[in-house]
Amino acid sequence: MQESTIRNAVKRYLNRHSLTSIRLKTVLFDMDGVLFNSMPYHAEAWHRTMEAHGLHLSRIEAYLNEGRTGASTINTVYQRQYGTDAPEALIKQIYEEKAAMFHEHGETLPMEGSQELLRKLQRMSIPPVLVTGSGQLKLIDTLAHYFPNSFAKERMVTALDVKRGKPDPEPYLIGLSKASAKANEAIVIENAPLGVEAGHAAHIFTVAVNTGPIDGQVLLDAGADILFPSMQALCGKWELLHRILAETTVYS
Ligand code: MG
């Protein structure tokens with residue numbers, strides 16, 4: 001990642017929103033596929049559970065739909081096959097089976113580079129906010145173990161807090177309010193196209209990390225301001241990104 005690439009991305013963002021600068025107060029983190037390497041298990045569980053009910057959702061499609069609520073994912077596939085909404089009881093059954101299969105794989109480990117990035121933020125006194133569409137309380141509880149003193153309870157947005165969910169900007173707007181930050185006082189870290197859409201729609205500078213098998217261009221097309229190939233790559237360039245965010249100013 002070139003310095004000029006980052007600088008141009010920040011300038012484009014500022015011009016788009018008629019802003020003069022970004023004053024970073026917080027970093028809004030997605031969870032699955034960003035903090036935790038959980039997406040391969042989600043994709044596998046989605047594919048197998050749906051298939052068991054005669055519904056076709058490939059693993060790649062599971063990645064592309066990441067961020068949707070479970071009910072919405074099931075209904076989208078059901079609609080595609082049958083042209084009508086899925087029955088409530090079926091949605092509930094499939095979602096329960098999928099969640100059970102996800103938990104069968106055992107402990108989910110942090111994404112490589114994520115713990116180091118959170119330690120860097122701690123040293124810089126930049127408190128993060130969690131913004132996840134997940135309602136997996138077990139995984140959310142694990143945050144305190146792998147990211148000690150990083151995510152305070154009052155700085156978490158989960159499935160329980162939102163009405164619409166990603167790709168709606170709502171979760172990221174709630175995240176901003178939990179940090180008492182404006183859109184240009186935060187950045188979003190996301191791995192999924194729908195999550196990127198949500199960050200973009202909330203008018204926040206959105207950093208995409210392509211930690212899965214999808215084409216990175218999909219993340220840029222969804223509105224990512226900048227794209228890193230992994231969390232490790234982002235962590236390695238964090239100081240540079242932080243400096244450029246602080247020093248780039250646009251005068252209209
Ligand atoms: Mg994600």
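Residue numbers run from 1 in the order of the sequence given. These figures come from a predicted structure and were not determined experimentally. Whatever order the structure lists ligands and atoms in, that order sets their numbers, starting from 1.
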N65 versus T73, side-chain donor and acceptor atoms under 3.5 Å
no
Determine which of the N, O or S atoms in D30 is closest to the Mg ion (ligand 1) and give its atom name.
OD2
What one should report as the nearest heavy-atom pair of A183 and Y13 is O-OH, 3.7 Å
According to the interplanar angle, ranging from 0 to 90°, do the rings of H242 and W238 count as parallel (below 30°), tilted (30 to 60°) or perpendicular (above 60°)?
tilted
May I ask you to check whether E190 brings an N, O or S atom to under 2.8 Å from the Mg ion (ligand 1)?
no
Using a distance threshold of 2.8 Å, state whether an N, O or S atom of M31 lies below it from the Mg ion (ligand 1).
no
Tell me which N, O or S atom of E66 sits nearest to the Mg ion (ligand 1).
OE2
Testing the basics here: between Y82 and G54, what is the closest heavy-atom pair and its distance to 0.1 Å?
OH-O, 4.2 Å
Can you give me the O-the Mg ion (ligand 1)-OD1 angle for D32 and N191, to 10°?
90°
Give a yes or no on whether a salt bridge exists between K92 and E97, defined as a side-chain N under 4.0 angstrom from a carboxylate O.
no
